[in-house]
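A quick write-up on the structure given underneath.
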Amino acid sequence: MVKKAEPKKILFCDLTRQHQRIKPEIDAAINRVFSSGCFILGAEVELFEREFAQYCGCGFGVGVSCGTEAIYISLLTCGVKPKDEVITVANAGVPTISAITLADATPVFVDIDPKSYNIDPNKIEKKITARTKIILPVHLYGQCADMDPIISMSKKYGLKVIEDACQAHGAMYKGKKAGSIGDMGCFSFYPTKNLGGYGDGGMITTNDNLSAKRARALRNYGQDEAYKSEGKGINSRLDEIHAAILRAKLKYLDDWNKERRQAASLYNERIFNQLIDKPTQRLYGVHVCHLYVIRCKARDALQSHLKRKGIQTLVHYPMPAYSQKAYAELRNDNRCPITERYSKEVLSLPLYTGITKTEIYFISDVLNKFVK
Ligand SMILES: *Cc1c(COP(=O)(O)O)cnc(C)c1O
């Protein structure tokens with residue numbers, strides 16, 4: 001008897017494919033650092049800060065340990081004090097919220113625009129109080145939030161704007177790069193991000209010299225120069241080894257973003273199941289498709305259906321941040337109905353550098369065969 005072939009497993013993200021393409025360059029970068037004998041705050045970090053800032057159209061880059069600390073340090077740099085309020089979204093996972101609460105500030109949640117899944121600028125103003133210090137939009141799934149009304153609101157009320165661009169390396173808003181629009185931009189180089197390292201890493205971008213200086217001190221025990229701390233700080237440095245690897249990968253970011261967009265277009269073309277809502281792209285910018293997120297009222301059944309066919313999917317994110325046990329105290333004044341509904345409907349499909357057409361066709365076919 002002939003056994004039916006098991007369908008091949010399709011991972012949500014397979015980073016080995018990207019690595020295979022550039023292995024010699026990664027090896028060279030690592031060897032360069034090993035031979036230099038310098039591992040902390042040396043030439044690689046300095047060069048990468050400059051190169052990444054330039055890529056983002058920003059004057060300054062400050063390398064840090066991860067995206068969460070990029071946000072934390074940006075908040076402190078902007079002068080956030082305990083009990084200050086930071087306006088943000090509840091649909092972007094916990095790292096952003098953990099950075100805000102680590103700074104002893106209070107996250108205030110605004111519901112999302114149902115089309116872009118990003119903060120709804122029309123709902124910000126009524127959340128502004130005497131305590132509000134910062135508006136912190138998240139450019140979710142690779143698409144910029146609608147920044148113009150956010151910037152005007154911040155000017156009207158004297159607030160600072162910090163962009164969480166951890167999912168938006170290279171994304172554009174009306175001709176400007178993510179991370180260059182607000183007062184400060186925050187990036188993560190977590191391995192699966194559009195620009196991902198081989199470990200944790202992050203970057204703060206800004207056009208303000210003084211903010212860059214402050215952030216630089218904050219990430220290094222508060223030291224402005226060796227062994228002199230004018231203010232308090234922490235250790236949140238980007239390692240030389242990660243900077244060297246990320247420099248090698250930055251050259252490919254635009255190509256890889258293009259590849260992600262092509263993969264997303266293929267999904268858009270191929271998926272026609274009426275039970276599924278496909279993502280929409282706003283006309284004001286360039287989406288870098290960090291995630292390809294569909295919605296389905298029967299999300300859990302759809303996810304199981306895909307799993308049976310060997311297709312791994314994830315949910316970004318399964319509950320609003322204020323529904324997490326850790327943030328239960330934020331719940332009362334902060335309910336966001338669209339965020340809550342979408343958390344039960346969203347499903348992220350496999351999309352990464354090196355995913356093949358055949359795989360996307362297969363996944364789309366499986367999706368199209370799903371019935372309630
Ligand atoms: C990944 C991510 C972060 C946190 O980055 P880490 O490097 O993992 O700390 C913050 N915000 C968003 C939206 C992210 O996707």
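All ligand and atom numbering here is 1-based and tracks the order in the structure. Keep in mind it's a predicted model, so treat the numbers as computed, not measured.
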Quick one: sort the Tyr117 and Tyr141 rings into parallel, tilted or perpendicular, breaks at 30° and 60°. perpendicular
Please state whether the rings of Phe187 and Phe52 are parallel, tilted or perpendicular, taking 30° and 60° as the class boundaries. perpendicular
Show the short N or O contacts, below 3.5 Å, that ligand 1 makes with protein N or O atoms; if there are none, say 'none'.
unit_1   : atom_1 : unit_2 : atom_2 : d
ligand 1 : 5 (O)  : Ser188 : OG     : 3.3
ligand 1 : 7 (O)  : Gly67  : N      : 2.8
ligand 1 : 7 (O)  : Ser188 : OG     : 2.6
ligand 1 : 9 (O)  : Gly67  : N      : 3.3
ligand 1 : 9 (O)  : Thr68  : N      : 2.9
ligand 1 : 9 (O)  : Thr68  : OG1    : 2.6
ligand 1 : 11 (N) : Thr96  : OG1    : 3.4
ligand 1 : 11 (N) : Asp164 : OD1    : 3.4
ligand 1 : 11 (N) : Asp164 : OD2    : 2.8
ligand 1 : 15 (O) : Gln167 : NE2    : 2.9
ligand 1 : 15 (O) : Lys193 : NZ     : 2.6

Which of these passes salt bridge (Lys or Arg N to Asp or Glu O under 4.0 Å) with Glu49: Arg219, Arg247, Arg237? Arg219
Which residues satisfy the ring pair (Phe, Tyr, Trp, His ring centres under 6.0 Å) test with Tyr352, sequence neighbours excluded? none
Which residues pass the side-chain contact (heavy atoms from CB on, under 4.5 Å) test with Ser304, sequence neighbours left out? Arg308
Under the ring pair (Phe, Tyr, Trp, His ring centres under 6.0 Å) definition, can you give me all pairs with a residue in residues 14-46, not counting sequence neighbours? His19-Tyr198
